[in-house]
Amino acid sequence: MKEYAFGIDLGGTTAKIGLFKTTGELLEKWEVPTDTSNAGEHILENLAAAVQGKMQEKGLSAAQVEGVGVGVPGPVLNSRIVPIICANLGGWGKRNVSEELGALLGGIKVLVGNDANVAALGEIWMGCAKGCSSAVMVTLGTGVGGGVIVNGKVIDGSHGAGGEIGHITVNRHETAICGCGKHGCLEQYSSATGVVRCMKKLLDENPDTPCTLRGTDFEAKDVFDAARSGDALAAREVDEMTDTLGMALANVANTVDPEMFMVGGGVSRAGDVLFTPLREHFKTYAFKSCRETPIVAATLGNDAGIYGSVRLIVGE
């Protein structure tokens, strides 16, 4: 195997890029803006320019680079093709990213994965699940992402939608519409935006109940902080949120039986006020042999995507 590889985590605002040794050592990381104008027509050429610029700066030839891995915010087929339009990339998608970016890089191998799946790969390679062969990652941010690894392989499915944990239906009576167009998705309750939405609903439904958040422009972090400080209504929201998430994770455990769950994203930084009730609710819903499955905080943070993207290349 060649000595170097690049990992790219493509987001709607920026692309995070890492230069790695193929042993997994991160040598340097940086970001470039994601140009979503004109349906993102310049995205791949800008990524190619960023990689080639770093190769030139470091004096690396193509013969020294094993490949470039890319995580994208959408489904991926055969580690190469993005089959649909990615909503937060300005209409970019429906293309063979491996072929197009590979050509721009002069034939360097390019492999592609869903961003949540590659984050899971990163954690299982060099993060909190190192040494595990099967693990599930759930990211609690603006939305809820998921990545499922079984026996070292990403379960991406026949439509590239494997691991879409955020769109498991947890409330078939929900009238609000999820961003995906469905009703009652996990994302509507357990994402940062979901926590705020549900907390506002609780405040409206309990106008006479004291709450430190009432009348403020609060975020998900504030809800968890208030619950930690003893605010009863905020604590109720956290309990309901972790109950819903625990039920969803139990259903995943009953299906793929992972060695552990990894929880990442901004919401995961809430710490014990999130994890303690989550673990208890999970045990309530999980099949008996799965009840002790560890649920831990992911450790690579925002770098999980670039680590996992490289793993696409070196894990072949």
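Everything quoted here is computed from the prediction, not taken from an experiment.
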Q) Are more than 12 heavy atoms from other residues, nucleotides or ligands located less than 6.0 Å from atom CG of D204? A) yes
(Q) Closer than 4.0 angstrom, basic N to acidic O: yes or no for E174 and R197? (A) yes
Q: Salt-bridge test for K221 and D225: reply yes if a basic N is under 4.0 Å from a carboxylate O, no otherwise.
A: yes
Q: Might you work through the side-chain contact (heavy atoms from CB on, under 4.5 Å) test for K94 and I81, ending with a clear yes or no?
A: CA-CA 7 Å; K94 290 188 175 179; I81 297 166; over 6 Å; no
Q | Heavy-atom check, side chain of D115 versus side chain of P73, under 4.5 Å | A | yes
Q. Does W30 have K16 sitting over its ring (NZ/CZ under 6.0 Å from centre, angle to axis within 45°)?
A. no
Q) Counting N and O atoms only, with roles assigned by atom type, does the side chain of T284 sit under 3.5 Å from a partner on the main chain of E280, one being a donor and the other an acceptor? A) yes
Q. Are any of the side-chain heavy atoms of L233 and M199 separated by less than 4.5 Å?
A. yes
**Q.** W92/T36 under side-chain contact (heavy atoms from CB on, under 4.5 Å): CA gap, chis, key distance, verdict
**A.** CA-CA 8 Å; W92 179 90; T36 58; over 6 Å; no
Q: Compute whether any side-chain donor of one residue and acceptor of the other, for T22 and K2, lie under 3.5 angstrom apart.
A: no
Q. Under a 4.5 Å cut-off applied to non-hydrogen side-chain atoms, are I108 and M55 in contact?
A. yes
Q: Look at the side-chain heavy atoms of Ile, Leu, Val, Met, Phe, Trp and Tyr, link any pair under 4.5 Å apart, and say whether V51 and L111 land in one connected group.
A: no
Q: Could you state whether Y307 and M260 fall into the same hydrophobic cluster, counting links through intermediate Ile, Leu, Val, Met, Phe, Trp or Tyr residues with side-chain heavy atoms under 4.5 angstrom apart?
A: no
(Q) Can you confirm whether I306 sits close enough to I8 that some side-chain heavy atom of one is under 4.5 Å from a side-chain heavy atom of the other? (A) no
Q) Would V238 end up clustered with V195 when hydrophobic side chains under 4.5 Å apart are linked, directly or stepwise? A) yes
Q. With hydrophobic residues grouped by side-chain heavy-atom distances under 4.5 Å, do V223 and L140 end up in a single group?
A. yes
Q. Is it true that the side chains of D239 and H281 contain a donor and an acceptor less than 3.5 Å apart?
A. yes
Q | With sequence neighbours excluded, residues passing salt bridge (Lys or Arg N to Asp or Glu O under 4.0 Å) with E259 | A | none
(Q) Taking R80 first and then E99, would you say they form a salt bridge - that is, a charged N and a carboxylate O separated by under 4.0 Å? (A) no
Q: Over 60° means perpendicular and under 30° means parallel, so classify the ring planes of F20 and W125, tilted if in between.
A: tilted
Q. Is the NZ or CZ atom of R269 positioned over F224's six-membered ring, under 6.0 angstrom from the centre and within 45° of the axis?
A. no
Q.
Under 4.0 Å between a side-chain nitrogen and a carboxylate oxygen: does that hold for E28 and K58?
A. yes
Table please: side-chain donor-acceptor pairs of residues 142-168 below 3.5 Å, with sequence neighbours left out.
none

Q: Name all pairs fulfilling the side-chain hydrogen bond (donor to acceptor under 3.5 Å, both in side chains) condition that reach into residues 286-302, sequence neighbours left out, sorted by first residue then second.
A: E123-T299
Q | S98-N96 side chain donor-acceptor pair, cut-off 3.5 Å | A | no
Q) Between L312 and V310, is there a shared hydrophobic cluster once you connect ILVMFWY residues whose side-chain heavy atoms come closer than 4.5 Å? A) yes
(Q) Could you check whether any side-chain heavy atom of L213 comes within less than 4.5 Å of a side-chain heavy atom of D231, counting everything from C-beta outward? (A) no
Q) For S37, does its backbone N or O pair with a side-chain atom of D35 as donor and acceptor, under 3.5 Å? A) yes
Q: Would you check, one step at a time, whether the test side-chain contact (heavy atoms from CB on, under 4.5 Å) holds for M247 with V170?
A: CA-CA 8 Å; M247 178 176 65; V170 294; 4.0 Å; yes
Q. Just by distance, with hydrogens left out, do N254 and Y285 show a side-chain donor and acceptor under 3.5 Å apart?
A. no
Q.
Determine whether a donor-acceptor pair (N or O, by modelled atom type, separation under 3.5 Å) exists between the side chain of Q188 and the backbone of C185.
A. yes
(Q) Pair Q52, K54 - check side-chain contact (heavy atoms from CB on, under 4.5 Å), show working. (A) CA-CA 5 Å; Q52 289 171 327; K54 188 60 63 177; over 6 Å; no
